[in-house]
Amino acid sequence: MANEINNFQEIISHCKEYGYIFQSSELYDGLSAVYDYGQMGAQLKKNLRDEWWKSMTQMHDNIVGIDAAIFMHPTVWKASGHVDNFSDPMIDNKDSNKRYRVDHLIEAHVATLEKEAGEAMIAEMDKLLAADDLTGLKTLIETNKIKCNISKTCNWTDVRQFNLMFSTQIGSVAEEADTIYLRPETAQGIFVNFLNVQKTGRMKIPFGIAQTGKAFRNEIVARQFIFRMREFEQMEMQFFVRPGTQMEWYNYWKDARKKWHESIGIPAEKLRFHDHVKLAHYADAALDIEFEFPFGWKELEGIHSRTDFDLSQHAKYSKKKIQYFDNDLNAEGKAYGNYTPFVVETSVGLDRLFLTVISLAYQEEKWTKEDGTEDSRVVLKIPAKIAPTKLAILPLLKKDGLPEIATELLNECKPHFHCFYEEKDAIGKRYRRMDAIGTPFCVTIDHQTKEDNTVTIRYRDTMTQERIPLSEVKNIVAKGCL
RNA sequence: GCGGAAGUAGCUCAUUUGGUAGAGCGAUAGCCUUCCAAGCUAUAGGUGGCCGGUUCGAGCCCGGUCUUCCGCUCCA
(Lines give C-alpha, C1' and ligand atoms only; values in the text may rest on other atoms or scores of the structure.)
Protein backbone atom coordinates (compact mmCIF):
# COMPACT_ATOMS: atom_id res chain seq x y z
CA MET A 1 0.00 0.00 0.00
CA ALA A 2 2.80 2.39 0.92
CA ASN A 3 4.28 1.55 -2.42
CA GLU A 4 1.08 2.46 -4.19
CA ILE A 5 0.88 5.83 -2.48
CA ASN A 6 4.42 6.58 -3.60
CA ASN A 7 3.44 5.53 -7.04
CA PHE A 8 0.52 7.96 -6.89
CA GLN A 9 2.94 10.76 -5.95
CA GLU A 10 5.03 9.87 -8.95
CA ILE A 11 2.00 9.94 -11.21
CA ILE A 12 1.12 13.42 -9.96
CA SER A 13 4.70 14.62 -10.53
CA HIS A 14 4.78 13.08 -13.96
CA CYS A 15 1.52 14.79 -14.90
CA LYS A 16 3.04 18.12 -14.03
CA GLU A 17 6.44 17.51 -15.58
CA TYR A 18 5.07 16.49 -18.94
CA GLY A 19 2.30 19.01 -19.35
CA TYR A 20 -0.71 16.93 -18.39
CA ILE A 21 -1.97 18.68 -15.26
CA PHE A 22 -0.92 21.81 -13.42
CA GLN A 23 -2.26 23.20 -10.22
CA SER A 24 -4.53 26.15 -10.86
CA SER A 25 -2.92 29.58 -10.40
CA GLU A 26 0.33 27.95 -9.37
CA LEU A 27 2.07 31.26 -9.99
CA TYR A 28 0.14 32.63 -7.02
CA ASP A 29 0.73 29.57 -4.80
CA GLY A 30 -2.20 27.71 -6.24
CA LEU A 31 -5.87 27.43 -5.48
CA SER A 32 -6.92 24.50 -3.36
CA ALA A 33 -8.55 21.58 -5.18
CA VAL A 34 -8.57 23.31 -8.55
CA TYR A 35 -6.42 22.09 -11.42
CA ASP A 36 -5.62 23.08 -14.99
CA TYR A 37 -5.07 20.66 -17.84
CA GLY A 38 -1.87 21.34 -19.77
CA GLN A 39 -1.05 20.89 -23.43
CA MET A 40 -1.02 17.08 -23.22
CA GLY A 41 -3.78 16.73 -20.65
CA ALA A 42 -6.25 18.89 -22.53
CA GLN A 43 -5.86 16.69 -25.60
CA LEU A 44 -6.22 13.46 -23.64
CA LYS A 45 -9.28 14.81 -21.88
CA LYS A 46 -10.79 15.87 -25.18
CA ASN A 47 -10.14 12.44 -26.65
CA LEU A 48 -11.89 10.78 -23.73
CA ARG A 49 -14.83 13.16 -24.03
CA ASP A 50 -15.02 12.56 -27.78
CA GLU A 51 -14.98 8.78 -27.32
CA TRP A 52 -17.83 9.02 -24.85
CA TRP A 53 -19.79 11.44 -27.01
CA LYS A 54 -19.39 9.23 -30.02
CA SER A 55 -20.38 6.08 -28.13
CA MET A 56 -23.51 7.79 -26.85
CA THR A 57 -24.76 9.89 -29.75
CA GLN A 58 -23.25 8.55 -32.94
CA MET A 59 -23.55 4.89 -31.94
CA HIS A 60 -27.11 5.11 -30.64
CA ASP A 61 -29.92 6.15 -32.99
CA ASN A 62 -32.05 7.16 -30.02
CA ILE A 63 -29.58 9.31 -28.07
CA VAL A 64 -28.95 12.95 -28.88
CA GLY A 65 -26.54 15.42 -27.33
CA ILE A 66 -27.11 18.90 -25.98
CA ASP A 67 -25.00 21.58 -24.32
CA ALA A 68 -26.94 23.40 -21.62
CA ALA A 69 -25.69 26.52 -19.85
CA ILE A 70 -24.00 26.41 -16.47
CA PHE A 71 -26.29 29.15 -15.19
CA MET A 72 -29.88 28.08 -14.67
CA HIS A 73 -33.00 29.60 -13.20
CA PRO A 74 -32.76 29.56 -9.38
CA THR A 75 -36.01 27.61 -9.08
CA VAL A 76 -34.37 24.68 -10.88
CA TRP A 77 -32.36 23.98 -7.74
CA LYS A 78 -35.39 24.22 -5.51
CA ALA A 79 -37.23 21.73 -7.72
CA SER A 80 -34.26 19.37 -7.87
CA GLY A 81 -33.94 19.34 -4.11
CA HIS A 82 -30.44 20.81 -4.10
CA VAL A 83 -31.34 23.94 -2.17
CA ASP A 84 -32.73 21.81 0.66
CA ASN A 85 -30.46 18.81 0.53
CA PHE A 86 -27.20 20.35 -0.56
CA SER A 87 -27.01 22.78 2.30
CA ASP A 88 -26.72 21.56 5.85
CA PRO A 89 -26.06 23.31 9.15
CA MET A 90 -23.06 21.63 10.75
CA ILE A 91 -21.55 21.80 14.22
CA ASP A 92 -18.20 20.61 15.56
CA ASN A 93 -17.38 19.30 19.00
CA LYS A 94 -14.23 21.09 20.15
CA ASP A 95 -12.98 18.19 22.25
CA SER A 96 -13.36 15.33 19.81
CA ASN A 97 -13.16 17.50 16.65
CA LYS A 98 -16.02 15.40 15.38
CA ARG A 99 -18.38 17.18 13.02
CA TYR A 100 -22.10 16.55 12.97
CA ARG A 101 -24.99 17.59 10.84
CA VAL A 102 -27.12 19.51 13.30
CA ASP A 103 -30.32 17.70 12.36
CA HIS A 104 -28.66 14.30 12.73
CA LEU A 105 -27.27 15.24 16.12
CA ILE A 106 -30.61 16.39 17.44
CA GLU A 107 -32.50 13.45 15.97
CA ALA A 108 -30.09 11.04 17.62
CA HIS A 109 -30.72 12.76 20.93
CA VAL A 110 -34.47 12.70 20.41
CA ALA A 111 -34.35 8.93 20.02
CA THR A 112 -33.36 8.70 23.69
CA LEU A 113 -36.28 10.85 24.91
CA GLU A 114 -39.90 10.23 25.76
CA LYS A 115 -42.15 10.39 22.75
CA GLU A 116 -43.85 13.66 23.68
CA ALA A 117 -40.71 15.55 24.61
CA GLY A 118 -39.02 14.25 21.49
CA GLU A 119 -41.72 15.42 19.17
CA ALA A 120 -41.65 18.86 20.74
CA MET A 121 -37.93 19.11 20.17
CA ILE A 122 -38.21 17.98 16.54
CA ALA A 123 -40.90 20.60 15.98
CA GLU A 124 -38.65 23.23 17.52
CA MET A 125 -35.72 22.13 15.37
CA ASP A 126 -37.77 22.19 12.18
CA LYS A 127 -38.91 25.70 12.98
CA LEU A 128 -35.33 26.89 13.51
CA LEU A 129 -34.09 25.09 10.39
CA ALA A 130 -36.81 26.67 8.30
CA ALA A 131 -35.90 30.10 9.64
CA ASP A 132 -32.16 29.48 9.12
CA ASP A 133 -31.72 30.40 12.77
CA LEU A 134 -28.22 29.06 13.40
CA THR A 135 -27.85 30.71 16.80
CA GLY A 136 -31.20 29.25 17.85
CA LEU A 137 -30.05 25.78 16.85
CA LYS A 138 -26.94 26.10 18.95
CA THR A 139 -29.02 27.27 21.91
CA LEU A 140 -31.31 24.28 21.42
CA ILE A 141 -28.35 21.93 21.54
CA GLU A 142 -26.80 23.59 24.58
CA THR A 143 -29.94 24.00 26.68
CA ASN A 144 -30.77 20.33 26.16
CA LYS A 145 -27.19 19.36 27.01
CA ILE A 146 -26.82 17.28 23.89
CA LYS A 147 -23.43 15.60 24.07
CA CYS A 148 -20.90 14.41 21.55
CA ASN A 149 -20.81 10.61 21.37
CA ILE A 150 -17.04 10.52 21.32
CA SER A 151 -15.99 13.09 23.88
CA LYS A 152 -19.22 13.07 25.94
CA THR A 153 -18.97 16.85 26.30
CA CYS A 154 -21.12 19.81 25.29
CA ASN A 155 -18.19 21.91 24.14
CA TRP A 156 -19.58 22.96 20.74
CA THR A 157 -18.53 25.43 18.07
CA ASP A 158 -21.06 27.77 16.51
CA VAL A 159 -23.44 26.25 14.03
CA ARG A 160 -22.25 26.92 10.51
CA GLN A 161 -24.03 26.61 7.23
CA PHE A 162 -22.25 24.56 4.61
CA ASN A 163 -23.73 25.14 1.21
CA LEU A 164 -22.26 22.85 -1.36
CA MET A 165 -23.48 25.06 -4.21
CA PHE A 166 -21.49 28.08 -5.37
CA SER A 167 -23.55 31.20 -5.81
CA THR A 168 -23.14 34.41 -7.73
CA GLN A 169 -25.32 37.24 -8.98
CA ILE A 170 -26.80 37.97 -12.34
CA GLY A 171 -26.91 41.65 -13.12
CA SER A 172 -24.28 44.25 -12.36
CA VAL A 173 -25.94 45.83 -9.34
CA ALA A 174 -25.77 43.45 -6.43
CA GLU A 175 -28.86 44.65 -4.57
CA GLU A 176 -31.09 44.28 -7.57
CA ALA A 177 -29.58 40.98 -8.53
CA ASP A 178 -30.95 37.51 -8.18
CA THR A 179 -28.71 34.99 -6.57
CA ILE A 180 -27.99 32.21 -8.97
CA TYR A 181 -26.01 29.05 -8.54
CA LEU A 182 -23.28 27.43 -10.54
CA ARG A 183 -24.78 24.06 -11.37
CA PRO A 184 -23.75 21.28 -8.97
CA GLU A 185 -24.65 18.68 -11.61
CA THR A 186 -25.32 18.80 -15.32
CA ALA A 187 -28.39 16.56 -15.19
CA GLN A 188 -30.90 19.33 -14.57
CA GLY A 189 -29.99 21.00 -17.87
CA ILE A 190 -31.24 17.85 -19.54
CA PHE A 191 -34.46 17.56 -17.53
CA VAL A 192 -35.56 21.14 -18.15
CA ASN A 193 -34.95 20.60 -21.87
CA PHE A 194 -36.78 17.29 -22.00
CA LEU A 195 -39.81 18.65 -23.86
CA ASN A 196 -37.75 20.84 -26.19
CA VAL A 197 -35.61 17.94 -27.32
CA GLN A 198 -38.41 15.39 -27.41
CA LYS A 199 -40.64 17.58 -29.57
CA THR A 200 -38.06 19.18 -31.89
CA GLY A 201 -36.16 15.93 -32.33
CA ARG A 202 -39.42 13.93 -32.62
CA MET A 203 -37.89 11.53 -30.12
CA LYS A 204 -39.75 8.34 -29.24
CA ILE A 205 -39.41 6.67 -25.91
CA PRO A 206 -37.11 5.05 -25.01
CA PHE A 207 -34.54 7.72 -25.85
CA GLY A 208 -31.63 9.47 -24.24
CA ILE A 209 -30.16 12.95 -23.96
CA ALA A 210 -26.42 13.21 -23.44
CA GLN A 211 -24.32 16.11 -22.27
CA THR A 212 -20.81 16.88 -21.11
CA GLY A 213 -19.89 19.93 -19.10
CA LYS A 214 -18.57 21.57 -16.00
CA ALA A 215 -20.24 21.32 -12.61
CA PHE A 216 -19.24 22.94 -9.34
CA ARG A 217 -19.36 21.82 -5.72
CA ASN A 218 -18.01 23.67 -2.76
CA GLU A 219 -16.61 20.58 -1.07
CA ILE A 220 -15.56 21.03 2.51
CA VAL A 221 -12.57 18.84 1.90
CA ALA A 222 -11.52 18.30 -1.66
CA ARG A 223 -8.43 16.22 -2.14
CA GLN A 224 -6.69 13.35 -3.84
CA PHE A 225 -5.46 15.31 -6.82
CA ILE A 226 -8.11 15.56 -9.54
CA PHE A 227 -10.32 12.91 -7.92
CA ARG A 228 -12.40 15.42 -6.00
CA MET A 229 -12.23 18.96 -7.32
CA ARG A 230 -14.40 21.98 -6.74
CA GLU A 231 -14.79 22.45 -10.48
CA PHE A 232 -15.14 19.24 -12.45
CA GLU A 233 -16.52 17.87 -15.65
CA GLN A 234 -19.33 15.39 -15.96
CA MET A 235 -20.45 13.24 -18.87
CA GLU A 236 -24.08 12.42 -18.31
CA MET A 237 -26.79 10.66 -20.23
CA GLN A 238 -30.38 10.63 -19.07
CA PHE A 239 -32.35 7.81 -20.61
CA PHE A 240 -36.13 8.29 -20.65
CA VAL A 241 -38.20 5.12 -20.43
CA ARG A 242 -41.72 3.90 -19.96
CA PRO A 243 -42.63 3.57 -16.26
CA GLY A 244 -42.20 0.01 -15.12
CA THR A 245 -39.36 -0.72 -17.53
CA GLN A 246 -36.74 1.21 -15.58
CA MET A 247 -35.07 -1.84 -14.02
CA GLU A 248 -34.66 -3.45 -17.40
CA TRP A 249 -32.87 -0.33 -18.69
CA TYR A 250 -30.97 0.11 -15.46
CA ASN A 251 -29.47 -3.32 -15.97
CA TYR A 252 -28.88 -2.64 -19.65
CA TRP A 253 -26.86 0.52 -18.95
CA LYS A 254 -25.07 -1.07 -16.06
CA ASP A 255 -23.57 -3.62 -18.44
CA ALA A 256 -23.19 -1.24 -21.38
CA ARG A 257 -21.26 1.30 -19.36
CA LYS A 258 -18.91 -1.25 -17.86
CA LYS A 259 -18.20 -2.61 -21.33
CA TRP A 260 -17.48 0.90 -22.55
CA HIS A 261 -14.84 1.42 -19.87
CA GLU A 262 -13.26 -1.85 -20.91
CA SER A 263 -13.31 -0.66 -24.53
CA ILE A 264 -10.99 2.21 -23.71
CA GLY A 265 -8.52 -0.15 -22.13
CA ILE A 266 -9.55 -0.41 -18.49
CA PRO A 267 -9.08 -4.05 -17.41
CA ALA A 268 -12.26 -5.73 -16.19
CA GLU A 269 -10.62 -6.82 -12.96
CA LYS A 270 -9.95 -3.18 -12.06
CA LEU A 271 -13.67 -2.41 -12.28
CA ARG A 272 -16.50 -3.50 -10.02
CA PHE A 273 -20.09 -2.63 -9.22
CA HIS A 274 -21.08 -1.23 -5.88
CA ASP A 275 -24.80 -1.15 -5.14
CA HIS A 276 -26.05 1.72 -3.03
CA VAL A 277 -27.71 0.55 0.15
CA LYS A 278 -28.98 3.95 1.18
CA LEU A 279 -30.72 5.56 -1.78
CA ALA A 280 -30.95 9.26 -2.50
CA HIS A 281 -34.38 10.88 -2.35
CA TYR A 282 -34.87 10.63 -6.12
CA ALA A 283 -33.75 7.07 -6.77
CA ASP A 284 -35.31 3.61 -6.71
CA ALA A 285 -32.03 1.91 -7.57
CA ALA A 286 -28.44 3.12 -7.74
CA LEU A 287 -24.95 1.75 -8.15
CA ASP A 288 -21.43 2.94 -8.73
CA ILE A 289 -18.97 1.57 -11.20
CA GLU A 290 -15.83 1.66 -9.13
CA PHE A 291 -12.23 1.62 -10.26
CA GLU A 292 -9.27 0.53 -8.19
CA PHE A 293 -7.42 3.83 -7.94
CA PRO A 294 -3.94 4.00 -6.38
CA PHE A 295 -5.72 5.03 -3.16
CA GLY A 296 -8.42 2.34 -3.24
CA TRP A 297 -11.72 1.44 -4.86
CA LYS A 298 -13.61 4.64 -5.66
CA GLU A 299 -16.55 5.74 -7.73
CA LEU A 300 -15.84 6.36 -11.39
CA GLU A 301 -19.38 6.37 -12.73
CA GLY A 302 -22.86 6.34 -11.21
CA ILE A 303 -25.88 4.55 -12.66
CA HIS A 304 -29.10 5.76 -11.10
CA SER A 305 -32.71 4.91 -11.66
CA ARG A 306 -34.15 8.34 -10.90
CA THR A 307 -37.84 7.43 -11.35
CA ASP A 308 -40.01 10.31 -12.51
CA PHE A 309 -38.78 12.44 -9.64
CA ASP A 310 -37.00 15.12 -11.67
CA LEU A 311 -39.59 15.62 -14.41
CA SER A 312 -42.40 15.60 -11.86
CA GLN A 313 -40.64 18.14 -9.68
CA HIS A 314 -40.07 20.46 -12.64
CA ALA A 315 -43.69 20.05 -13.69
CA LYS A 316 -44.74 20.99 -10.18
CA TYR A 317 -42.49 24.01 -9.80
CA SER A 318 -42.93 25.35 -13.34
CA LYS A 319 -46.67 24.59 -13.31
CA LYS A 320 -46.27 23.12 -16.79
CA LYS A 321 -47.24 19.70 -17.97
CA ILE A 322 -44.18 17.54 -18.67
CA GLN A 323 -45.49 14.35 -20.17
CA TYR A 324 -45.06 12.08 -23.12
CA PHE A 325 -47.82 10.58 -25.25
CA ASP A 326 -46.98 7.00 -26.05
CA ASN A 327 -48.78 5.61 -29.10
CA ASP A 328 -47.35 2.13 -28.72
CA LEU A 329 -49.87 -0.52 -27.80
CA ASN A 330 -49.84 -2.41 -24.55
CA ALA A 331 -50.76 -6.05 -24.02
CA GLU A 332 -54.42 -5.17 -24.17
CA GLY A 333 -54.04 -3.47 -27.55
CA LYS A 334 -54.48 0.03 -26.17
CA ALA A 335 -52.03 2.93 -26.46
CA TYR A 336 -49.95 3.54 -23.36
CA GLY A 337 -51.06 7.18 -23.57
CA ASN A 338 -49.84 10.07 -21.45
CA TYR A 339 -47.31 9.57 -18.71
CA THR A 340 -44.29 11.12 -17.06
CA PRO A 341 -41.29 9.13 -18.26
CA PHE A 342 -38.95 7.44 -15.84
CA VAL A 343 -35.24 8.18 -16.04
CA VAL A 344 -32.15 6.00 -15.93
CA GLU A 345 -29.03 8.09 -15.56
CA THR A 346 -25.42 7.30 -16.38
CA SER A 347 -22.99 9.85 -15.00
CA VAL A 348 -19.21 9.63 -15.36
CA GLY A 349 -16.68 12.03 -13.91
CA LEU A 350 -14.45 12.94 -16.83
CA ASP A 351 -11.64 14.00 -14.53
CA ARG A 352 -11.89 10.69 -12.70
CA LEU A 353 -11.80 8.85 -15.97
CA PHE A 354 -8.69 10.83 -16.86
CA LEU A 355 -7.11 9.83 -13.57
CA THR A 356 -8.08 6.22 -14.20
CA VAL A 357 -6.44 6.23 -17.62
CA ILE A 358 -3.29 7.94 -16.37
CA SER A 359 -2.84 5.72 -13.34
CA LEU A 360 -3.20 2.61 -15.49
CA ALA A 361 -0.87 3.98 -18.14
CA TYR A 362 1.97 5.09 -15.89
CA GLN A 363 4.72 2.50 -15.71
CA GLU A 364 8.34 2.46 -14.72
CA GLU A 365 10.32 -0.21 -16.51
CA LYS A 366 13.79 -1.53 -15.84
CA TRP A 367 15.79 -4.08 -17.78
CA THR A 368 19.32 -5.22 -18.51
CA LYS A 369 20.76 -4.40 -21.89
CA GLU A 370 22.76 -6.80 -24.02
CA ASP A 371 26.05 -5.34 -22.80
CA GLY A 372 24.98 -6.02 -19.20
CA THR A 373 24.24 -2.44 -18.17
CA GLU A 374 20.98 -1.37 -16.60
CA ASP A 375 18.43 0.67 -18.50
CA SER A 376 15.06 2.09 -17.58
CA ARG A 377 12.26 4.24 -18.78
CA VAL A 378 9.04 5.87 -17.64
CA VAL A 379 6.27 5.21 -20.11
CA LEU A 380 2.63 6.18 -20.37
CA LYS A 381 0.95 3.21 -22.01
CA ILE A 382 -2.14 5.15 -22.97
CA PRO A 383 -4.27 3.18 -25.46
CA ALA A 384 -3.52 4.50 -28.94
CA LYS A 385 -7.10 5.49 -29.60
CA ILE A 386 -7.10 8.06 -26.80
CA ALA A 387 -3.41 9.01 -26.73
CA PRO A 388 -2.93 12.78 -27.12
CA THR A 389 -0.24 12.43 -29.78
CA LYS A 390 -0.47 9.46 -32.09
CA LEU A 391 2.72 9.60 -34.10
CA ALA A 392 6.19 11.08 -33.71
CA ILE A 393 8.08 11.67 -36.95
CA LEU A 394 11.81 11.60 -36.37
CA PRO A 395 14.53 12.08 -38.98
CA LEU A 396 17.54 10.12 -37.77
CA LEU A 397 19.82 13.05 -38.65
CA LYS A 398 18.97 16.63 -39.35
CA LYS A 399 20.81 16.66 -42.68
CA ASP A 400 21.24 14.70 -45.89
CA GLY A 401 17.68 15.48 -46.93
CA LEU A 402 16.11 13.41 -44.14
CA PRO A 403 14.17 16.34 -42.58
CA GLU A 404 12.65 17.05 -45.99
CA ILE A 405 11.24 13.53 -46.30
CA ALA A 406 10.04 13.69 -42.70
CA THR A 407 8.28 17.01 -43.26
CA GLU A 408 6.53 15.59 -46.27
CA LEU A 409 5.28 12.67 -44.18
CA LEU A 410 4.19 15.09 -41.45
CA ASN A 411 2.12 17.08 -43.92
CA GLU A 412 0.53 13.90 -45.21
CA CYS A 413 -0.40 12.65 -41.73
CA LYS A 414 -1.40 15.70 -39.77
CA PRO A 415 -4.84 16.18 -41.29
CA HIS A 416 -5.70 12.71 -40.02
CA PHE A 417 -4.27 12.50 -36.50
CA HIS A 418 -2.09 14.44 -34.10
CA CYS A 419 1.61 14.22 -34.96
CA PHE A 420 4.80 15.43 -33.34
CA TYR A 421 7.95 16.32 -35.26
CA GLU A 422 11.42 16.32 -33.70
CA GLU A 423 14.89 16.40 -35.20
CA LYS A 424 16.91 17.36 -32.15
CA ASP A 425 19.02 15.02 -30.00
CA ALA A 426 19.93 11.38 -30.34
CA ILE A 427 17.23 9.01 -31.46
CA GLY A 428 17.15 7.13 -28.14
CA LYS A 429 16.50 10.30 -26.21
CA ARG A 430 13.67 11.21 -28.52
CA TYR A 431 12.12 7.76 -28.04
CA ARG A 432 12.29 8.23 -24.26
CA ARG A 433 10.61 11.58 -24.48
CA MET A 434 7.82 10.10 -26.57
CA ASP A 435 7.44 7.26 -24.03
CA ALA A 436 7.06 9.81 -21.24
CA ILE A 437 4.19 11.59 -22.95
CA GLY A 438 2.62 8.37 -24.20
CA THR A 439 3.03 8.60 -27.98
CA PRO A 440 2.19 5.09 -29.25
CA PHE A 441 4.06 5.21 -32.58
CA CYS A 442 7.41 6.64 -33.65
CA VAL A 443 8.60 6.63 -37.25
CA THR A 444 12.25 7.20 -38.08
CA ILE A 445 13.49 8.35 -41.48
CA ASP A 446 17.04 7.27 -42.26
CA HIS A 447 19.34 6.98 -45.28
CA GLN A 448 17.75 3.73 -46.35
CA THR A 449 14.49 5.63 -46.74
CA LYS A 450 16.07 7.51 -49.65
CA GLU A 451 16.96 4.25 -51.36
CA ASP A 452 13.85 2.09 -50.91
CA ASN A 453 11.16 4.35 -49.40
CA THR A 454 10.89 2.41 -46.17
CA VAL A 455 10.99 3.70 -42.62
CA THR A 456 11.37 2.23 -39.15
CA ILE A 457 8.24 2.18 -37.02
CA ARG A 458 8.83 1.79 -33.32
CA TYR A 459 6.10 0.65 -30.94
CA ARG A 460 5.92 2.32 -27.56
CA ASP A 461 4.64 -0.60 -25.48
CA THR A 462 7.06 -3.25 -26.68
CA MET A 463 9.93 -1.03 -27.87
CA THR A 464 10.15 -3.29 -30.90
CA GLN A 465 10.56 -1.87 -34.36
CA GLU A 466 10.04 -2.93 -37.92
CA ARG A 467 10.59 -1.69 -41.43
CA ILE A 468 7.49 -0.51 -43.30
CA PRO A 469 6.90 1.35 -46.57
CA LEU A 470 6.82 5.12 -46.19
CA SER A 471 3.54 5.20 -48.08
CA GLU A 472 1.90 2.89 -45.50
CA VAL A 473 2.69 4.97 -42.40
CA LYS A 474 -0.53 6.94 -42.44
CA ASN A 475 -2.74 3.87 -42.84
CA ILE A 476 -0.90 1.77 -40.28
CA VAL A 477 -1.04 4.46 -37.61
CA ALA A 478 -4.65 5.36 -38.37
CA LYS A 479 -5.60 1.68 -38.10
CA GLY A 480 -3.60 1.32 -34.90
CA CYS A 481 -5.60 4.14 -33.33
CA LEU A 482 -9.03 2.64 -33.97
C1' G B 1 -12.63 21.97 9.20
C1' C B 2 -9.16 19.32 13.16
C1' G B 3 -4.24 16.95 14.09
C1' G B 4 0.71 15.72 12.02
C1' A B 5 4.60 16.54 8.20
C1' A B 6 6.62 19.37 4.28
C1' G B 7 7.73 23.74 0.79
C1' U B 8 15.42 25.78 -1.90
C1' A B 9 16.30 25.93 -10.29
C1' G B 10 11.49 22.39 -14.65
C1' C B 11 12.82 17.48 -11.61
C1' U B 12 15.74 14.97 -7.45
C1' C B 13 18.39 17.02 -3.69
C1' A B 14 22.75 19.65 -1.05
C1' U B 15 24.16 24.09 1.75
C1' U B 16 25.17 19.98 9.43
C1' U B 17 25.26 25.64 15.97
C1' G B 18 22.43 32.32 11.52
C1' G B 19 27.35 35.17 7.69
C1' U B 20 23.46 37.61 1.11
C1' A B 21 22.85 29.63 -2.59
C1' G B 22 25.41 24.69 -5.35
C1' A B 23 25.29 19.76 -7.95
C1' G B 24 23.20 15.97 -11.02
C1' C B 25 19.41 15.29 -14.41
C1' G B 26 16.42 18.16 -17.59
C1' A B 27 15.94 22.57 -20.99
C1' U B 28 17.88 25.92 -24.97
C1' A B 29 21.73 26.92 -29.02
C1' G B 30 25.74 24.74 -31.72
C1' C B 31 29.28 20.74 -33.05
C1' C B 32 29.56 15.50 -33.65
C1' U B 33 26.73 11.18 -34.55
C1' U B 34 23.21 5.48 -39.02
C1' C B 35 18.08 3.39 -34.21
C1' C B 36 16.64 3.29 -27.51
C1' A B 37 18.23 8.87 -22.10
C1' A B 38 26.12 8.69 -25.92
C1' G B 39 30.09 12.76 -26.25
C1' C B 40 31.98 18.01 -26.53
C1' U B 41 31.10 23.49 -26.12
C1' A B 42 28.15 27.47 -24.61
C1' U B 43 23.71 29.63 -22.42
C1' A B 44 19.46 30.36 -19.56
C1' G B 45 16.70 29.23 -14.80
C1' G B 46 16.15 30.69 -7.70
C1' U B 47 14.35 38.58 -3.90
C1' G B 48 15.03 30.06 -0.60
C1' G B 49 6.18 29.56 -1.10
C1' C B 50 4.41 34.50 0.67
C1' C B 51 4.09 38.46 4.68
C1' G B 52 5.98 40.13 9.12
C1' G B 53 9.25 39.76 13.62
C1' U B 54 14.07 38.85 16.34
C1' U B 55 19.29 40.03 14.78
C1' C B 56 24.79 44.01 12.72
C1' G B 57 23.19 39.92 9.47
C1' A B 58 17.76 34.93 8.35
C1' G B 59 17.00 29.50 3.48
C1' C B 60 18.20 28.31 8.77
C1' C B 61 15.16 31.10 14.86
C1' C B 62 9.80 33.04 16.00
C1' G B 63 4.61 34.35 14.41
C1' G B 64 1.04 34.49 10.64
C1' U B 65 -0.55 32.97 5.88
C1' C B 66 -0.89 29.99 1.24
C1' U B 67 -0.22 25.27 -0.92
C1' U B 68 0.67 20.01 -0.86
C1' C B 69 0.86 15.21 1.48
C1' C B 70 -0.81 11.67 5.61
C1' G B 71 -4.71 10.50 9.35
C1' C B 72 -9.66 11.92 10.94
C1' U B 73 -14.12 14.43 9.17
C1' C B 74 -17.40 15.50 4.98
C1' C B 75 -19.18 13.88 0.17
C1' A B 76 -27.70 15.28 -1.51
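Since the structure is predicted, the reported quantities are computational estimates derived from the model, not experimental observations.
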| For U68(B), does OP1 or OP2 lie under 4.0 Å from any side-chain N or O of S32(A)? |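 Answer yes for this pair, as a side-chain N or O of S32(A) is under 4.0 Å from OP1 or OP2.
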- Check whether any side-chain N or O of Q448(A) sits under 4.0 Å from OP1 or OP2 of U34(B), and answer yes or no.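 For Q448(A), the contact criterion (side-chain N or O under 4.0 Å from OP1 or OP2 of U34(B)) is not met.
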Determine the Euclidean distance between corresponding [atom1] atoms of [M] and [N]; express it in Å to zero decimal places.
N      : M      : atom1 : value
U54(B) : G18(B) : C1'   : 12 Å
A38(B) : G57(B) : P     : 49 Å
C13(B) : U17(B) : C1'   : 23 Å
A37(B) : A27(B) : C1'   : 14 Å
G53(B) : U68(B) : P     : 28 Å
G3(B)  : A44(B) : P     : 47 Å
C51(B) : U67(B) : C1'   : 15 Å
G7(B)  : G59(B) : P     : 15 Å

So if I take every side-chain heavy atom of [X] and compare against [options], which nucleotide ends up nearest?
X       : options                : value
R217(A) : U12(B), A76(B), U68(B) : A76(B)
Y35(A)  : U68(B), C36(B), U12(B) : U68(B)
D446(A) : C69(B), A37(B), C35(B) : C35(B)

Identified pairing partner of [N], criterion: Watson-Crick or G-U wobble below 3.5 Å:
N      : result
G59(B) : none
U65(B) : G49(B)
A37(B) : none

Is [X] touching bases, backbone alone, or none of the nucleic acid, heavy atoms closer than 4.0 Å?
X       : answer
D435(A) : nothing
Q465(A) : base
L397(A) : base
K450(A) : nothing

message: Let me spell it out: for each of E26(A) and T464(A), pick the nucleotide of RNA chain B with the closest heavy atom. Which residue's pick is nearer the 5' end?
response: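 Here E26(A) is the residue nearer the 5' end.
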Does a side chain donor of either [X] or [Y] reach within less than 3.5 Å of an acceptor in the other side chain?
X       : Y       : value
R467(A) : T456(A) : yes
Q234(A) : T186(A) : yes
E301(A) : H261(A) : yes

How many Å lie between CD on Q39(A) and P on G10(B), as a whole number?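 Nearest whole value for this atom pair: 16 Å.
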| Pick one: which of E236(A), E185(A), E231(A) meets salt bridge (Lys or Arg N to Asp or Glu O under 4.0 Å) with K214(A)? |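 Of all the options given, the one that passes is E231(A).
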- Hey, is the main chain of A436(A) close enough, under 3.5 Å, to the side chain of H14(A) for a donor-acceptor pair?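 Checking the backbone N and O of A436(A) against the side chain of H14(A), a donor-acceptor pair under 3.5 Å is found.
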Using O4'-C1'-N9-C4 for purines and O4'-C1'-N1-C2 for pyrimidines, with syn meaning within 90° of 0, is G26(B) syn or anti?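 Judged by the O4'-C1' to base torsion, G26(B) sits in anti, the angle falling more than 90° away from 0.
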For D425(A), is there an ion pair with R433(A) - N to carboxylate O distance below 4.0 angstrom?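 Counted as a salt bridge, because a side-chain N and a carboxylate O are separated by less than 4.0 Å.
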- Cation-pi geometry met for R230(A) and F216(A) (6.0 Å, 45°):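 Relative to the ring axis of F216(A), which defines the angle, R230(A) lies outside at least one limit.
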query: Between K78(A) and Y317(A), is NZ or CZ placed under 6.0 angstrom from the six-membered ring centre and within 45° of the ring axis?
result: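 Relative to the ring axis of Y317(A), which defines the angle, K78(A) lies outside at least one limit.
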Within residues 419-433 of chain A, find the residues that approach RNA chain B with a heavy atom at under 4.0 Å, and present them sorted by residue number.
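Listed by number, they are K424(A), A426(A), I427(A), G428(A), K429(A), Y431(A), R432(A), R433(A).
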- Which residues, if any, of residues 456-463 of chain A bring a heavy atom under 4.0 Å of RNA chain B?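 Residues of residues 456-463 of chain A under 4.0 Å from RNA chain B: T456(A), R458(A), M463(A).
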- Query: Once you round to the nearest 0.5 Å, how far does CD1 of I322(A) lie from CD of Q313(A)?
  - Reply: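 Output value for this atom pair is 10.5 Å.
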Problem set entry | Steps toward ring-ring contact (aromatic ring centres under 6.0 Å, His included) verdict (F293(A), F295(A)) | CA-CA 5 Å; F293(A) 285 97; F295(A) 41 87; 5.4 Å; yes
